[in-house]
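What's counted below: heavy atoms across the whole structure, side chains too, no hydrogens, waters or symmetry copies. Naming convention: chains lettered A, B, ... in sequence-line order (proteins, then strands); numbering from 1 in each chain.
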There are 2 protein chains.
Amino acid sequence: MILIENARVLRDGKLVQANVLLEENKISAIGDFKDKSDYVIDGKGLAVIPGLFNSHTHAAMTLFRGYADDMPLQEWLEKKIWPAEARLNDEIVYWASKLACIEMLKSGTTFFLDMYFFPSATARAVEETGIRACLSSAFFDFFNKDLLEINLKRVEKELRELRGYRVLRAVAPHAVYTVSLEGLKRSMEMAEEENIFVHFHLAETEKEVVEFRKKYGKGIVSALDEIGFLNPRLISAHCVWLEKDEIGLMARKGVNAVHCPASNMKLSVGRALNYPEMKNSSLNVLLGTDGAASNNSLDMLREMKFSALLQKFYYGSDSFKAVDAFRMATENASRAFGIKAGKIEVGWLADLVLLDLKKIPMTPCHDLVANLVYSASSECVDTVIVDGKIVVENGHFESEEKIIEKFSKLTENFFGQLKT
Amino acid sequence: MILIENARVLRDGKLVQANVLLEENKISAIGDFKDKSDYVIDGKGLAVIPGLFNSHTHAAMTLFRGYADDMPLQEWLEKKIWPAEARLNDEIVYWASKLACIEMLKSGTTFFLDMYFFPSATARAVEETGIRACLSSAFFDFFNKDLLEINLKRVEKELRELRGYRVLRAVAPHAVYTVSLEGLKRSMEMAEEENIFVHFHLAETEKEVVEFRKKYGKGIVSALDEIGFLNPRLISAHCVWLEKDEIGLMARKGVNAVHCPASNMKLSVGRALNYPEMKNSSLNVLLGTDGAASNNSLDMLREMKFSALLQKFYYGSDSFKAVDAFRMATENASRAFGIKAGKIEVGWLADLVLLDLKKIPMTPCHDLVANLVYSASSECVDTVIVDGKIVVENGHFESEEKIIEKFSKLTENFFGQLKT
């Protein structure tokens, strides 16, 4: 049992003075009660908010943070990323994921949706750091039937292995320009059989959309609809180049879109996700950082600001409010993943962040949600609780320094070898 | 004397292993020397970079951080900001500026250019916190001759008072839609007499540009040229709605432009500053956060990322590199203000930031400048030295907590009164 005493708790967009009691992994009481607990947190000067959901990332790509920015995309992939990724192994993915988990926890994220290689390595990092996650087994088939069969076998194997961990699971066909429609169809069938999610990149660039139409003679979204790919299991990242009717269809089918504003800006995708139309159609929009190669940070506090500012810049200053960004990062994701977190309610999961209201970015505190979205930084994160367990205390993750040191050595070794 | 031993020093975009010796307020040696000093900093695991320049802000507007976001501009000004600003006083400006100075120092900024009311109050905050600044005496004349004379008298008085402080000075006619051409001309004459700067908002919105042409029958930049307003003393913030020939003319005249990407996005000015054309014309471009009412952060590490990502989003992913953002925040500003800081050279000012390379946003360190622009946060700022004095140590400003507490109380009082 953990009792948070005399804190200010964020409920329905407002801060209310309350005690919060956590039992096992759930919130068991909120209010003006007296109780005893083994462990009491003095909540004076703290705000209790739900933990944030990072709904699209490639955690282990922390390995490539700052490795090759500012290069043209094709050159970047061919000369830098692909040769390095061909040499990845379980160990380096484990340590890079561990660094990512701690980076996320320390900036207030308690859940992430991942897509990368060696998902079991990431699952170990997730369990050891205490964060919550949905991990994907990813594949490309490059429109080759043999490759599809080989990859689906690997995906099945990886998904079986993931069953042994405290994670949600997804199958992740990469995108329409790397996976055949047959591959997408089989992915969704597998997801339905296993009752898991499908994690996918959708309509990130104009090129993707134009070339699909050239190749298949129809739009991506209607093609996906024809093969039964559009349903609430689908978590589709980017969703930048969608037309109004496509947004409407996706909304009716219950698909989830993930806004990745920093990545979209850095890679210059040419447009902002059409949030006004998505809101209008009631399409569920989540928020994600994308990986450290294209962001280069996994900090959802910073990402909320990018989402608000990009939307305002593109669609007008009153097109988007701080609370829209906050919802993308909390309750919209909660709904998509069926996780009872993202709101502070009795019976819901104890996935909480305690913010220090006495830090400069929180001063003054006219409006907590505005400060959270527009000025808060990881400096303001005091305590992070996931599944009822304290994982960050006084802004510190216990074995942080050792993990950074170990990861730095492995990285030098990994890239040192590459240079030969 | 301060000796920084065994650090990695950023010179010409690369980290080099070196000792750095500071004597009085200057860098007196860099290299592989042995020396004794009263005060030795162990530089192991630290990177020494020049302090950042925040070249456009309204420091005391920390008072309005999160006060009224997401409102239409006119309503925001008329119902919220102006009624509150009418009640400002020396004391509240002093404390709000003090908070701003500490926020800037803790995120690696060692110089700022300010525009606000009660500049002597801000000057006291500058001296007491140890930051370097150029402070403006600002005015509007609303095209009224009497108001112009009254305001110029106040400006003269305020500039005289500022002489008593360790600050650079500027006269700040607000913008072409609030100050007459006569007011602008007189401001530049005053700046030339006093040998100080002119701080000004230029071409922030399309409305400003369109209405000026309607009123005066010519473009803003050529009108400014006719009255002798364009010269290297001029630091013009925003510069979003400028055409190619205007950028060329400003470049030939040696004018300085300040990019304020977060503010431009939040207020939805409709365009990004045309950096490709400015670079092409060799117009000197600096970087600024604008005030906390329109950002809401004064963190130049975050602002460098906004500048890079907005430019890439608007003009293409290879239009802008991390080093462009870093130069805007260092050597370009150094040139504009004639301050020998912004580079680490013998004989230059000891305005330095020591970054902790063992923090997650700096891990791995493939490229320091990329990490600085795309992932670093205030968490990475270990030590800040201004004018040879240590002002931030272990990421902490000495009396920070007391200042936050005092400011919070004053703010509650200030806004509490307003509500009545």
With rounding to the nearest 0.5 angstrom, report the OH to CZ distance, B/Y314 to A/F313.
5.5 Å
Just to verify, which of A/S107, A/S377, A/S378 counts as forming a side chain to side chain contact (heavy atoms under 4.5 Å, CB included) with B/S377?
A/S378
Heavy-atom distances under 4.5 Å only: say whether B/I102 touches chain A with side chain, backbone, both or neither.
both
Work out which heavy atom in B/N296 is nearest to a heavy atom in A/S375; give both atom names and the distance.
O-CB, 3.8 Å
What part of B/P364 lies closer than 4.5 angstrom to a heavy atom of chain A: side chain, backbone, both or neither?
both
Is the shortest side-chain heavy-atom distance between B/I360 and A/F407 below 4.5 Å?
no
Return the minimal non-hydrogen interatomic distance between B/A370 and A/G66, and the atom names on each side.
CB-CA, 4.1 Å
Could you pull out the closest heavy-atom pair between B/L99 and A/T363, with the gap in Å?
CD2-O, 3.8 Å
Could you measure the distance from the CD1 atom of B/I404 to the CG atom of A/D356? Nearest 0.5 Å is fine.
8.5 Å
Flag yes if more than 12 heavy atoms outside A/E398 fall under 6.0 Å of its CD atom; otherwise flag no.
no
Chain A contact via B/E103 - side chain, backbone, both or neither, heavy atoms under 4.5 Å:
both
Pick one: which of B/L63, B/D69, B/T411 meets side chain to side chain contact (heavy atoms under 4.5 Å, CB included) with A/H366?
B/T411
Identify which part of B/F320 has an atom lying under 4.5 Å from any heavy atom of chain A, answering side chain, backbone, both or neither.
backbone
Counting only heavy atoms closer than 4.5 Å, note whether B/A292 contacts chain A via side chain, backbone, both or neither.
neither
Side chain / backbone / both / neither for A/L301 at chain B, heavy atoms under 4.5 Å:
backbone
Choice from B/K359, B/E401, B/R271, B/K106 maximising heavy atom contacts with chain A below 4.5 Å:
B/R271
What is the minimum heavy-atom distance between B/R65 and A/P361, and which atoms define it?
CD-O, 3.5 Å
Quick one: what part of A/A262 sits under 4.5 Å from any heavy atom of chain B, side chain, backbone, both or neither?
both
Which portion of B/L372 sits near chain A, non-hydrogen atoms under 4.5 angstrom
neither
Does any heavy atom of chain A fall under 4.5 Å from the side chain of B/R302, the backbone, both, or neither of them?
both
Could you tell me which portion of B/N264 (side chain, backbone, both or neither) has an atom closer than 4.5 angstrom to a non-hydrogen atom of chain A?
backbone
Between the main-chain N or O of B/K312 and the side-chain N or O of A/S268, is there a donor-acceptor pair closer than 3.5 Å?
yes
What part of B/A308 is in contact with chain A, defined as an atom under 4.5 angstrom from a non-hydrogen atom: side chain, backbone, both or neither?
neither
Name the member of B/N295, B/D367, B/D318 that forms the most heavy-atom pairs with chain A at distances under 4.5 Å.
B/N295
Top residue by heavy-atom pair count (under 4.5 Å) with chain B, among A/K321, A/E405, A/Q311?
A/K321
